[in-house]
*Asks:* 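Could you have a look at this structure, given as structure tokens, before my questions?
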Protein chains: 2
Amino acid sequence: MDRETVLATAARLVKRHGPQALTMRALAAELGTAVTSIYWHVGNRESLLDALVERTLADLGEIRATGRTPAQRVASVARALRRQLLDHPHLVAMVHERGLTERMFLPAQRTLVHEVHEAGLRGVRAAEAVRAVQIHVVGHVLVERNRERAPVQRPGEDELWTAQAAEQDGALARALAGPLDPEALFATSVRALVAGLLGPAP
Amino acid sequence: MDRETVLATAARLVKRHGPQALTMRALAAELGTAVTSIYWHVGNRESLLDALVERTLADLGEIRATGRTPAQRVASVARALRRQLLDHPHLVAMVHERGLTERMFLPAQRTLVHEVHEAGLRGVRAAEAVRAVQIHVVGHVLVERNRERAPVQRPGEDELWTAQAAEQDGALARALAGPLDPEALFATSVRALVAGLLGPAP
DNA sequence: ACCTGAACACCGTTCAAGT
DNA sequence: ACCTGAACACCGTTCAAGT
């Protein structure tokens, strides 16, 4: 057996059943070895998961901007980053538990810096724009992934907003009562955020 | 002993040492009873934490908007919501683990609907604006709280951005290398987001 | 250099038995 | 109605002993 084998097998288990299913005993069973052998190769569970996260992060491909206008291109980076994170369902949770969200930003950061520069932003304002977009994306994905595994919500937006017409705005009440389309909402909020960031300084 | 006593004691333990420190055995020790008595009162650990979250959420005060312009008032709601969440350090994590982020929105939702209406938005666009702000706030707080307990980050923005001057923009490189001011960044991103949301439709 | 089993110190939970 | 201790089925980790 091999440190490589341990990591690969662990990655398979995580991919299939999530990080919480990765117990040292289950991993040992899958490897066909004693539990304690694992410790020789990876130290302990914590550093095993660290290695898994690092490896997944390293495998994420470059992010490229598309679109014509600067605003479109910055927004496209945000969408691509979100796509990447959603494509690795357990990555976000693992990174979050490990406090490594900053590390998760890096792949997109260089691209964002470039596009924000193209848009004419410089210095501190450019840095703020880059970080604002990054945090928005990661935060959005965190909330989004969270909603997926959410149980039925009590009180629930539906009950609250169907009964009482929200300030006489039936369409709004229906929209808030209805399900949330994360894809559309993300597109809207990123467009708004980027417009605000690239727009005239306050 | 009393269900009320159990909840109060559990809340105290969580407040002091975080949710992960709330073990049934530790709680029993604090209560001076057998571990198994707790089960009679609260079912199990999961529903105990559920009750704790629900209770904290219920204790959150009303959110009021301040400021003159609609944009300022919407942004003030976002800031107030963030403040509330940061004032309950463990709440956000517990809500997140439980998939209840939607539930956490509700206290601010009515206020946001009102302010967005005042700003002239109606129907689906108003609903989108409300939800965009909500998700931005909760997502931002999640990332922010995460950063606090983050260990030193390797590679780390600093190393990456001091050496190579980012596209000949020294000020930007320094800003990205330096520490992040969450308060300021939140203010900036919310202002931008709200401006974009309340601005002219695309 | 690598693997092993036994043991330790934890968990949450169930259950039959008490009062 | 409420509390108890014993027991079960899990954890991660350490360690001395093997090859």
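Residue numbering restarts at 1 for every chain, and letters A, B, ... go by the order of the sequence lines. Keep in mind it's a predicted model, so treat the numbers as computed, not measured. Any value given below was found using the heavy atoms of this structure, including those in side chains, with hydrogens, waters and symmetry copies removed.
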*Asks:* B:V77 versus B:V74: any side-chain heavy-atom pair under 4.5 Å?
*Replies:*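 In short, these two side chains do not touch, never coming nearer than 4.5 Å.
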*Asks:* Can a side-chain donor-acceptor contact be found between A:H136 and B:S189 if the only test is distance below 3.5 angstrom?
*Replies:* no
*Asks:* Does B:R122 use its side chain to pair, donor to acceptor, with the backbone of A:D169 at less than 3.5 Å?
*Replies:* no
*Asks:* Without hydrogens or angle criteria, can the side chains of B:N44 and B:S47 be said to hold a donor-acceptor pair below 3.5 Å?
*Replies:* yes
*Asks:* In whole angstrom, give the distance that lies between atom CD1 of A:I38 and atom C1' of C:dG5.
*Replies:* 14 Å
*Asks:* Only pairs with both distances under 3.5 Å count, Watson-Crick or wobble alike; so what is the partner of C:dA1 in this structure?
*Replies:*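 In the structure as shown, C:dA1 has D:dT19 as its Watson-Crick or wobble partner.
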*Asks:* Using Watson-Crick or G-U wobble geometry with both distances under 3.5 Å, which nucleotide pairs with D:dT14?
*Replies:*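 The base-pairing partner of D:dT14, which may sit in any strand shown, is C:dA6.
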*Asks:* Does B:H41 make a side-chain N or O approach to OP1 or OP2 of D:dA1 shorter than 4.0 Å?
*Replies:* no
*Asks:* Just checking B:H96 against A:H96, ring centres under 6.0 Å apart?
*Replies:*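 Yes, they do, as the ring centres are separated by less than 6.0 Å.
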*Asks:* Please tell me if the side chains of B:L57 and B:L91 come closer than 4.5 Å, counting only heavy atoms from C-beta onward.
*Replies:*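 The answer is yes; the side chains approach within 4.5 Å.
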*Asks:* Any side-chain heavy atom of A:F186 sitting closer than 4.5 Å to one from A:D181?
*Replies:*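 The answer is no; the side chains never approach within 4.5 Å.
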*Asks:* Of the options C:dC2, D:dT4, D:dC3, whose atoms approach the side-chain atoms of B:A34 most closely?
*Replies:*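 Selected nucleotide: D:dT4.
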*Asks:* Which atoms of nucleotides 9-13 of chain D (N or O only) lie under 3.5 Å from a protein N or O atom, and what are those distances?
*Replies:*
from, atom 1, to, atom 2, distance (Å)
D:dC11, N4, A:R25, NH2, 3.2
D:dG12, OP1, A:M24, N, 3.4
D:dG12, OP1, A:R45, NE, 3.4
D:dG12, OP2, A:M24, N, 3.1
D:dG12, N7, A:R25, NH1, 2.4
D:dG12, O6, A:R25, NH2, 3.0
D:dT13, OP2, A:Y39, OH, 3.2
D:dT13, OP2, A:R45, N, 2.9

*Asks:* State plainly whether the residues A:E102 and B:R147 are in salt-bridge range, i.e. N to O under 4.0 Å.
*Replies:*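 Result for this pair is yes, salt bridge flagged.
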*Asks:* Hey, can you pull the residues of residues 1-11 of chain B with a non-hydrogen atom under 4.0 angstrom from DNA chain D?
*Replies:*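 Close to the strand are B:M1.
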*Asks:* How long is the line joining CG of A:L31 and P of C:dT4, in whole Å?
*Replies:*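 Rounding to the nearest Å, CG of A:L31 and P of C:dT4 are 10 Å apart.
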